[in-house]
Amino acid sequence: MLTLNPEQRDAVVHGDGPLLVLAGAGSGKTRVLTARVARLIENGVPPDRILAVTFTNKAAGEMRERIGDLLGQSTRGLWVGTFHSIAARLLRVEAIHTTRDRSFTIYDEDDSIRALKDVMEAAGFDAKRWSPKAVRNRISGAKNQLIGPSDYSPAPFDLISGIVAEVYPGYQKILTRRNAYDFDDLLFEAVRLLEDPEGVGGHYADRFLHVLVDEYQDTNHAQYRMVRALASAHRNLCVVGDDDQSIYAWRGADVRNILDFERDFEGAHVVRLEQNYRSTGAILEVANAVIECNVDRKPKRLRTDREHGDPIRIVRCGDERREASWVAGEIENARGRYGYEDFAILYRTNAQSRAFEEAFRRAGIPYRIVGGVPFYDRREIKDVLSYLRLAVNPADDAAFQRAIGWPRRGVGQVSLEKLAAAAAAADESFFATAARAREIEGMSKKAARGLFEFATGIEAVRSVLADITAREALEKCVATFALATALAEEEDGADRLDNVSELFATAASFDRDEVDDAAPEATDLELYLQTVALRSDLDDADFDGEAVTLMTLHNAKGLEFPVVFLAGMEEGLFPLSRAIESEGGLEEERRLFYVGVTRAMDRLSLTHADRRWRAGMESHSASSSFLDELPETHVEHTLGGGVRSRGGYAGGGSSYGRRSSRGSEREGGYGSAARRGGNGARGSRLDFSGSDPSPAAPGGSSFSWHREAGRKSPASGDGELEYDYADSQEPVELRAGTRVIHPLFGPGEIVTISGVGRDAKAEIDFDEVGRKKVMVAYAGLRPS
DNA sequence: TTCCCTCGTATTTTT
DNA sequence: TACGAGGGAA
């Protein structure tokens, strides 16, 4: 059933001992990794003694799914997860051996920058002069190198490193006091735990007979040490990667990890996968030529059995609008031979998506953007989640600050500073201090009242937390603090309400059993928050549905598309001028180019514009120096329109070859495989409806729900909403005319019902927010 | 304390 | 361009 070439087979059947798989782009590395795990299980290795580590949740989910498919049985017990989620699991299970307790919060970049800013200002550094972000990046880099606050020494003549040395200890102290880890701490502390000779590390090393790591070229030092510790007892470590696709060095990834593997793990067996199953001969020739310009790499050369195919096109355009409309035109021309979902536009910077969005909208081409502003980074989502975070972890002062500030409740910056001072004096959390705000000297009456009521509300949520699901907790917060009402009153409240409604959907569909590396002791809500914190936009990206995909090159790694456009091939933009300032930066940019080229299966076009609006200015740039490195024999030059000067190139039109067989024996990279369940389009801005919620919905042809006998008190003076929960479970019919209460939108009357089962939608005329369509499965409707 | 407006700046980014 | 921070007015 599963056919493997000899090299792939070699990697799959390799027995004990370290194994390095150097897997070129499109060479079937995912297939090797999954087949290897499946074979281990078939040969009797218990699933719970195998650990597979990936970089994204999405990759983890897909690996698990594929292994299950291969085995035809459950993969229960198998540990598959990202470095960060596995570290989080470890830290939760072994919380007593750490400096945090089990309900710790995970700080994202934003949270940690805010915390750091507080520390910097307290230490007398002007946040305008010294960017907290830059300082955070330095701390992040140090943590990735496993350099703790006491080990950090500033470099001479490096002012920022001097600041780091001064604030790093304070920053770490604040995180500990707030019972929080930042992303890097998760790895740092996990390594500490695993490498402690007195500690529990030995238990885990003994436990895992086999450890497998995907995308090994992207590991940083902390991740390397984590892997090394986990595999130390049995030495059955299999790593898969491609040094040519290392594109995260700027973020601490150390390509030496893969280059030095044979030295680090003596006796390692090495397998090279150089047979590409994805691209045409022409595309592969170009890819090889690109990457051979790099000096610092292991020599290798991809080959393919596919036809030579069409030449790669280089398209010169006048500006970014012409670039986008040229691409739109090409897509329309090639329709029929390809579906919209077969096209991808890849660019270096997110800002480039804009011109394409406009062009596609004009042309009526459906598209999806992967990345951009992630769903969970939206202001209203973070605001609402901060209530949950605070309820779970009252020591989380960052969550407190966020929640207290929205909705406005008479507690401004001045009061907050007084509170902070009082909290520091008493060595308490903001939350604990807020409950006795009245006693704080100089606190205004109004502020004290606001603080007290806020603390009381959080306490009320906390008191029921142990017994409720993530969704119920969310509902409770929204109800207690009238968050929906506050949102509805805002200027662009409608969109924001919709987003929060979407958040309800994610919470409703959250199932701890789908968290691959759930710590058994964690509560539903803790796991939900962890999942949210460690989720990337990419994980939610929905590649189903007829739409052209737009994303950055970084996000495209691991994916493949029949027709690819690499846009913005201009010097300064790609290679990005900022990126090439650092050492090895140009080679990393070139690897990124290589990643882009190797995404294409059949057709590849590289576009560049003479003029482009960047940061509010028109910039003029020469075409990318990367274009000069391509072998002329496989390249064709075309004019995309709008070019002002004479010259340029002639010829070229759009001459698409016959559509190649899609889905034959080529291996699907992550992402082209069908997704399980998926929660629709959350992360990505989707201008094309693709929402397809999956969890079971109540009712089949006749709708009913379980009555919770909730009663809403009529809106009081300032629009407070309040719910009384009781437990009667009487099924109630749902049809047009029924009065219902939506947890977010309040009371309303059903206008129409459409769809059945999980797809059932109700159109409801809400008293406060007007007419809206909601998914019955998620809405959490109650009878009125 | 809050709101509104203006000014300035930044642009890659798995977790 | 577009967003956030900061300053000033009500």
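Numbered from 1 within each chain, the chains take letters A, B, ... in sequence-line order.
Spacing between atom CG of A/N144 and atom P of B/dT14 amounts to 15 Å, rounded to whole angstrom units. For A/Q352 and B/dT11, the CD to C1' distance is 10 Å, given to the nearest whole Å. Rounded to a whole Å, the CG atom of A/L419 is 16 Å from the C1' atom of B/dT1.
Counting non-hydrogen atoms under 4.0 angstrom, A/D108 reaches nothing in the nucleic acid.
Only A/R408, listed by number, bring a heavy atom of residues 398-408 of chain A to less than 4.0 angstrom from any atom of DNA chain B.
Applying the side-chain contact (heavy atoms from CB on, under 4.5 Å) criterion to A/A222, with sequence neighbours excluded, gives A/L146, A/L187, A/N220. Checked against side-chain contact (heavy atoms from CB on, under 4.5 Å), A/K382 has the following partners two or more places apart in sequence or in another chain: A/D108, A/D110, A/D377, A/R402. Every side-chain contact (heavy atoms from CB on, under 4.5 Å) that A/R138 has, sequence neighbours left out, goes to A/Y152, A/D158, A/I160, A/S161, A/V164. With sequence neighbours excluded, the residues forming a side-chain hydrogen bond (donor to acceptor under 3.5 Å, both in side chains) with A/E417 are A/Q413, listed by chain and number. Taking the side-chain hydrogen bond (donor to acceptor under 3.5 Å, both in side chains) definition, one finds that A/S112 meets it with A/R136, sequence neighbours left out. In this view, A/E121 and A/K117, A/A127 satisfy the side-chain contact (heavy atoms from CB on, under 4.5 Å) rule, not counting sequence neighbours. Shown here are the ring pair (Phe, Tyr, Trp, His ring centres under 6.0 Å) partners of A/Y181, two or more places apart in sequence or in another chain: A/F104.
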Output one letter per nucleotide in nucleotides 1-10 of chain C: B when a protein non-hydrogen atom lies under 4.0 Å from the base, S when only the sugar-phosphate is that close, - when neither is.
BS----S---

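Between A/N350 and B/dT11 there is no side-chain N or O to OP1 or OP2 distance below 4.0 Å.
Other residues, nucleotides and ligands place more than 12 heavy atoms under 6.0 Å from the CZ atom of A/R102.
If you check B/dT14, B/dT1, B/dT11 against the side chain of A/S415, the one that comes closest is B/dT1.
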